[in-house]
Amino acid sequence: EVIAQLRAALPLVQLPPTATGETAARWGYSGADGKHDPALGEVGVISSVSEPFCGSCNRARLSTEGRLFLCLFADRGYDLRELLRGGGTNEELQNTLAAIWHRRSDRYSEQRSDPHAPGSEEPPTGSKRVEMSYIGG
């Protein structure tokens, strides 16, 4: 809906993704010829709830406190501080990150849009989602 409103109000043309796993639908301002003019810029819309991309997400964020978050809407992160500050080797870090990534189950946007999806129940009382600004969202 937001994208349709943008198209109607502004001279925009849809742009192809620039990278695998890109999360934004990108639109470029068009010149008089109707084609994208890079000098005019572009906008991107991330519709993570109405158009979930959890299955193709390739992002993780590391907080300033050494916690790894696999989802912008996560309610917890994985503590890597001891490994990072405790002299862990690059191989240990790589193996730890790979194990965390392969076990990941964060699918907040998919679950939110489908109330019958497994795991879509409300978080336990007392838990709260981490603010995106805390983890660089």
So, using side-chain contact (heavy atoms from CB on, under 4.5 Å) as the criterion, who are the partners of [X] when residues are at least two apart?
{"X": "Ile46", "result": "Thr23, Ala24, Ser48, Phe53"}
{"X": "Arg85", "result": "Arg81"}
{"X": "Thr89", "result": "Glu91, Glu92"}
{"X": "Asn58", "result": "none"}

Problem set entry | Set of side-chain hydrogen bond (donor to acceptor under 3.5 Å, both in side chains) partners for Thr18, sequence neighbours left out |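 Residues passing side-chain hydrogen bond (donor to acceptor under 3.5 Å, both in side chains) with Thr18: Glu22.
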
Problem set entry | From CG (Leu83) to OG1 (Thr96), nearest 0.5 Å |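 The CG atom of Leu83 sits 5.0 Å away from the OG1 atom of Thr96.
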
For this session: Give, for atom SG of Cys71 and atom CZ of Arg61, the distance between the pair rounded to the nearest 0.5 Å.
Result: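 Taking SG in Cys71 and CZ in Arg61, the distance rounds to 8.5 Å.
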
For this session: Evaluate the side chain to side chain contact (heavy atoms under 4.5 Å, CB included) criterion for residues Cys57 and Arg104: first the C-alpha distance (whole Å), next the side-chain angles of each, then the deciding distance (0.1 Å), finally the verdict.
Result: CA-CA 11 Å; Cys57 180; Arg104 74 187 202 114; 4.0 Å; yes

Considering all heavy atoms of both residues, which atom of [X] and which atom of [Y] are nearest to each other, and what is their separation?
{"X": "Ser63", "Y": "Phe69", "result": "CB-CE1, 3.9 Å"}
{"X": "Leu40", "Y": "Tyr29", "result": "O-CD1, 3.4 Å"}
{"X": "Trp27", "Y": "Leu15", "result": "C-CD1, 3.9 Å"}

For this session: Would you indicate whether the side-chain heavy atoms of Leu62 and Leu84 approach each other to under 4.5 Å?
Result: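 Leu84 reaches Leu62 side chain to side chain.
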
Problem set entry | Flag side-chain contact, heavy atom, 4.5 Å: Leu80 against Ile100 |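 SC-SC contact between Leu80 and Ile100 confirmed.
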
Exercise. Do the side chain of Arg26 and the main chain of Pro16 share a donor and acceptor less than 3.5 angstrom apart?
Worked result: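 At least one qualifying donor-acceptor pair exists.
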
Exercise. Honestly curious: do Val45 and Val13 fall in one hydrophobic cluster under the side-chain, below-4.5 Å linking rule?
Worked result: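 Unlinked, Val45 and Val13 end up in two clusters.
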
Can I get a per-line list of side-chain donor-acceptor pairs under 3.5 Å for residues 31-39, giving both atom names and the distance, sequence neighbours left out?
| residue | atom | partner | partner atom | Å |
| --- | --- | --- | --- | --- |
| Asp33 | OD1 | Lys35 | N | 2.9 |
| His36 | NE2 | Gly41 | O | 3.4 |
| Asp37 | OD1 | Ala39 | N | 3.0 |

For this session: Sort and list the pairs that fulfil salt bridge (Lys or Arg N to Asp or Glu O under 4.0 Å) and have at least one residue in residues 10-20, not counting sequence neighbours.
Result: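 Passing the test, one end in residues 10-20: no pairs.
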
For this session: Starting from the C-alpha separation in whole Å, work towards a yes-or-no answer on side chain to side chain contact (heavy atoms under 4.5 Å, CB included) for Leu70 and Tyr78.
Result: CA-CA 9 Å; Leu70 304 180; Tyr78 297 86; 3.9 Å; yes

